[in-house]
Amino acid sequence: MSPENTEHTTASKPRVGLFATCLVDLFRPQVGFAAIKLIEASGCHVEVPENQTCCGQPAYNSGDRGDAAAIAQQVIATFEDYDYVVVPSGSCAAMIARHYPELFDDADWARRATALSAKTFELTAFLYDVMGLRDVEAAFAGNVTYHDACSGLRELNVRDQPRELLKSVDGLAFTELKDADVCCGFGGTFCVKYPEISNAIVTKKTAAIAGSEADTLVAGDLGCLMNMAGKLQREGKHVHARHVAEVLAGMADGPAIGEAE
């Protein structure tokens, strides 16, 4: 890989803290390893703090600002000394980058939250916008379509970055997904509170995915991918689901999300 912006690769490397996310840690650790590979290849030193926890988004979205603030304090204390915080999830990245500062009335915590938010990025946005990466050294034999997860797109403006990086993958054919920016119906606790509405939304999404005739669905949020992969499998649609980091890092040889070893 050859970053377009070379100033970051001279002298000292930027020190990046990887916020792995709960879902990646519990269900798809390979996404974290792929993210590390990509960030290091872009010219950074990566560390994964052992004491990281949830970003607090479930509590925040449920109206529990007290617990969300308590979780945010731990995240801030863990990650504030890094040059950058990189997250392989638009929703978790948006929680830190957009919502942490509004959690605190205390001036010192508000300052620390604002400082952390300014250096927190979704993975592909960091690679493309911050490190200037334009080409990846990866190959993938397949036709890929991409789903824009809501938080990454609407709160962080993550759209073109993953597409441009995917198009640099050797052998990859890219097909734009109809209504790619429409929600998949996951929405964290939304799919639990409103299962019938969630199912109706994801049914439309899987119809669009099948209609693309792509053999692989790619996205940047594991929650969305697990939701769509599950629905695709229940419907008998033979489309593989993978996190964008896996494809960009050349680590897409094993079973796709939700598939047996």
Side-chain angles (χ1 to χ4, degrees), residues 18-38 48 52 54 58 87-92 122-124 136-150 152 162 165-166 169-175 177-178 180 182-192 195-196 198-261:
L18 179 71
F19 188 91
T21 83
C22 299
L23 291 182
V24 168
D25 181 41
L26 293 172
F27 296 105
R28 196 74 171 176
Q30 177 170 303
V31 172
F33 292 118
I36 292 170
K37 180 179 179 180
L38 289 165
V48 186
Q52 62 178 286
C54 173
V87 192
S89 162
S91 61
C92 298
E122 182 272 341
L123 174 64
T124 61
V136 296
E137 293 181 359
F140 185 83
N143 186 354
V144 168
T145 194
Y146 189 87
H147 163 74
D148 294 295
C150 294
L165 291 172
L166 283 169
V169 175
D170 186 39
L172 183 148
F174 186 84
T175 299
L177 179 65
K178 178 183 178 183
V182 174
C183 178
C184 74
F186 176 62
T189 56
F190 175 86
C191 65
V192 178
E196 293 182 358
S198 174
N199 185 59
I201 295 172
V202 75
T203 298
K204 291 184 178 179
K205 176 61 67 171
T206 54
I209 294 167
S212 73
E213 299 186 353
D215 53 61
T216 302
L217 167 69
V218 174
D221 270 74
L222 188 54
C224 301
L225 283 163
M226 292 171 64
N227 182 47
M228 292 181 289
K231 184 64 173 178
L232 287 164
Q233 290 175 20
R234 291 192 296 275
E235 293 176 333
K237 294 183 170 73
H238 301 291
V239 181
H240 307 293
R242 297 188 181 277
H243 193 281
V244 65
E246 297 175 284
V247 177
L248 295 178
M251 297 172 61
D253 295 332
I257 294 168
E259 296 181 4
E261 293 285 345

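Residue indices begin at 1 and follow the sequence shown. All values derive from a computational prediction rather than experimental measurement.
Contact detail for Ile201 and Gly185: the closest heavy-atom pair is CG2-N, 3.4 Å. Taking each heavy atom of Ala245 and Ala35 in turn, the nearest pair found is CB-N, 4.3 Å. Taking both residues in full, the closest heavy atoms of Thr124 and Pro162 are given as OG1-CD, 3.6 Å, listed atom of the first, atom of the second, then distance. Listed here is the closest heavy atom pair of Ala241 and Ala256: O-CB, 3.4 Å. What you find for Pro88 and Val31 is that their closest heavy atoms are CB-CG1, 4.1 Å. Smallest separation of non-hydrogen atoms from Cys92 and Val87: CB-CG1, 3.8 Å.
Between the side chain of Asp215 and the main chain of Asn143, a donor-acceptor pair closer than 3.5 Å is present. In this structure a side-chain-to-backbone donor-acceptor pair under 3.5 Å is missing from Asn227 to Val202. With hydrogens and angles disregarded, no donor-acceptor distance shorter than 3.5 Å links the side chain of His243 to the backbone of Val24. Lys205 places a side-chain N or O within donor-acceptor distance of the main-chain N or O of Val182, the cut-off being under 3.5 Å. Of the possible polar contacts, none joining the Thr145 side chain to the Leu217 backbone as a donor-acceptor pair under 3.5 Å is found. Looking at Gln52, its side chain does come within 3.5 Å of a backbone N or O of Leu18 through a donor-acceptor pair. A donor-acceptor contact shorter than 3.5 Å is absent between the side chain of Thr206 and the backbone of Leu232. Without hydrogens or angle criteria, Arg242 side chain to Ala252 main chain gives a donor-acceptor distance under 3.5 Å.
More than 12 heavy-atom neighbours from other residues, nucleotides or ligands sit within 6.0 angstrom of CZ on Phe190. Counting non-hydrogen atoms of other residues, nucleotides and ligands closer than 6.0 Å to NZ of Lys237 gives a total above 12.
Residues His147 and Ile209 have side chains not in contact (no heavy-atom distance under 4.5 Å, counting atoms from C-beta outward).
Checked options Val244, Val247, Thr216; the residue passing with Tyr146 is Val244 (criterion: side chain to side chain contact (heavy atoms under 4.5 Å, CB included)).
Rounding to the nearest 0.5 Å gives a distance of 9.0 Å between CE of Met228 and CG of Asp221. Taken from CE in Met226 to CZ in Phe27, the straight-line distance is 4.5 Å, to the nearest 0.5 Å. Note that CD of Glu246 and CD1 of Ile257 are 5.5 Å apart. Values are rounded to the nearest 0.5 Å. Here the SG-CG distance, from Cys224 to Asp148, works out to 10.0 Å after rounding to the nearest 0.5 Å. One distance of note links CG of Leu38 with CG of Leu248; it measures 5.5 Å at 0.5 Å rounding.
Phe19 pairs by the ring-ring contact (aromatic ring centres under 6.0 Å, His included) definition with Phe79, not counting sequence neighbours.
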I'd like to know whether Lys231 forms a side-chain contact (heavy atoms from CB on, under 4.5 Å) with Thr203, so could you lay out the CA-CA distance, the side-chain angles of the two residues, the decisive distance to 0.1 Å, and finally the verdict. CA-CA 7 Å; Lys231 184 64 173 178; Thr203 298; 3.2 Å; yes
